[in-house]
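The structure under discussion appears below in the form of structure tokens.
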Amino acid sequence: MIVNTDVPGGNAHVLQKRLIGEIFEIDFMPSPAGGPAAMWFYFCVDPGCEASVKNVRCLLHLPDILLGGTSSPAGFLPVYKTAQRAWTRVESVALQARPDGRPVWDWMMPGNEGPLEVALCYPYGEAELECLIKDTALPSDVIGITAGNRLLRRLSNAPGAAGSLRPGVYCLARQHAGETPGSWILDGFLREIAAAGECAPLVWTVPLVDVDGVAAGFYGKDRFPWDYNRAWGAKGFPPETQAINGTHPMRYETHCIQKDMFQW
């Protein structure tokens with residue numbers, strides 16, 4: 001069986017894997033991946049031709065560095081997806097303790113339902129965003145290019161006009177790439193906005209601010225060279241770096257807001 005982290009949003013360091021009877025066990029740790037904190041994991045398990053596997057067992061090492069130092073698995077319920085079922089929450093996570101006191105969190109998932117995906121919380125990336133755009137027909141405009149040569153996109157329900165009295169809302173998600181719940185909230189909000197048609201306020205939104213981080217499986221908090229949640233426009237950069245970062249892709253958006261595209 002193959003454990004693959006080389007997928008969009010993938011993040012994990014596999015310590016060991018082994019087949020014990022009908023159970024395939026994976027010892028792993030989440031990776032800081034571009035930042036100081038390991039706060040996200042997502043990987044895939046391919047059973048191949050191994051028909052004897054009935055369950056996959058995950059053993060998460062050093063969980064206290066995940067989620068800012070949580071020491072108990074109570075309420076920690078990661079998600080998984082198989083070829084036969086949609087994303088599902090794990091029912092329970094057990095706590096093991098190594099002889100030296102290191103905690104390990106332990107949970108089981110089906111291993112006989114085809115390829116398996118495992119994540120800290122429901123993933124949301126480019127594929128899910130494309131589904132949203134297709135379902136809502138919201139216009140998508142390119143407002144910048146990222147350092148990783150990816151498109152930074154803005155969705156909207158209208159272009160807006162200077163001096164308009166139409167109420168306006170500007171929404172952002174994934175300034176920290178691993179905060180996928182924000183994307184799901186925005187997804188539902190935009191579906192409602194699209195359904196409301198002309199009755200809705202003017203809405204502009206950047207659904208994936210840290211596009212590179214989303215693709216790379218970064219969590220995004222305090223990552224080098226900037227944390228997008230703390231680096232807006234020129235004010236977010238020290239003077240010595242403004243020559244390099246002067247074309248911050250969100251600066252055009254702040255310019256549009258300042259030009260009264262939105263009435264608050």
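Sequential numbering from 1 along the given sequence is applied to the chain's residues.
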Under 4.5 Å between side-chain heavy atoms, counting indirect links through other Ile/Leu/Val/Met/Phe/Trp/Tyr residues: same cluster for [X] and [Y] or not?
| X | Y | value |
| --- | --- | --- |
| I23 | V14 | no |
| F218 | Y122 | no |
| L172 | F189 | yes |
| L59 | F41 | no |
| V104 | L120 | no |

Atom [atom1] of [X] and atom [atom2] of [Y]: how far apart are they, to the nearest 0.5 Å?
| X | Y | atom1 | atom2 | result |
| --- | --- | --- | --- | --- |
| W184 | L132 | CH2 | CG | 9.5 Å |
| D106 | R57 | CG | CZ | 4.0 Å |
| H176 | D210 | NE2 | CG | 8.5 Å |
| R18 | I26 | CZ | CD1 | 10.0 Å |
| L77 | S92 | CG | OG | 8.0 Å |
| T146 | D212 | OG1 | CG | 3.0 Å |

Within 6.0 Å of [atom1] in [X], more than 12 heavy atoms from elsewhere:
| X | atom1 | result |
| --- | --- | --- |
| E91 | CD | no |
| E198 | CD | no |
| I2 | CD1 | no |

Heavy-atom side-chain proximity of [X] to [Y] below 4.5 angstrom:
| X | Y | result |
| --- | --- | --- |
| F24 | V3 | yes |
| P201 | I193 | yes |
| W40 | C121 | yes |
| I145 | L151 | yes |
| H13 | T5 | no |
| L202 | N157 | yes |
| N4 | D46 | no |
| T205 | Y170 | no |

Give me the atom names and distance for the closest heavy-atom approach of [X] to [Y].
| X | Y | value |
| --- | --- | --- |
| G125 | V214 | CA-CG1, 4.2 Å |
| S52 | G21 | OG-O, 4.4 Å |
| A83 | G114 | CB-CA, 4.2 Å |
| P139 | S156 | CD-O, 2.9 Å |
| W204 | P159 | CZ2-O, 2.9 Å |
| C58 | M109 | SG-CE, 3.4 Å |

Notebook entry, point to check: Hey, mind stepping through E117 and V79 against side-chain contact (heavy atoms from CB on, under 4.5 Å) and telling me if it holds?
Noted result: CA-CA 8 Å; E117 299 177 51; V79 298; over 6 Å; no

May I have the step-by-step check of side-chain contact (heavy atoms from CB on, under 4.5 Å) for Q16 and H61, ending in yes or no?
-> CA-CA 11 Å; Q16 189 177 8; H61 289 249; over 6 Å; no

Check whether any side-chain N or O of [X] sits under 3.5 Å from a backbone N or O of [Y] as a donor-acceptor pair, and report yes or no.
| X | Y | value |
| --- | --- | --- |
| E130 | A127 | no |
| T88 | A86 | yes |
| R174 | Y124 | yes |

- request: Apply the test side-chain contact (heavy atoms from CB on, under 4.5 Å) to residues Y219 and N11: give CA-CA distance (whole Å), side-chain angles for both, the deciding distance (0.1 Å), then the verdict.
  value: CA-CA 9 Å; Y219 182 77; N11 177 309; over 6 Å; no

How about Y80 and R85: does a side-chain donor come under 3.5 Å of a side-chain acceptor?
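Yes.
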
Do R102 and D100 sit within salt-bridge range, that is, some charged N less than 4.0 Å from a carboxylate O?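 So R102 pairs with D100 through a salt bridge.
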
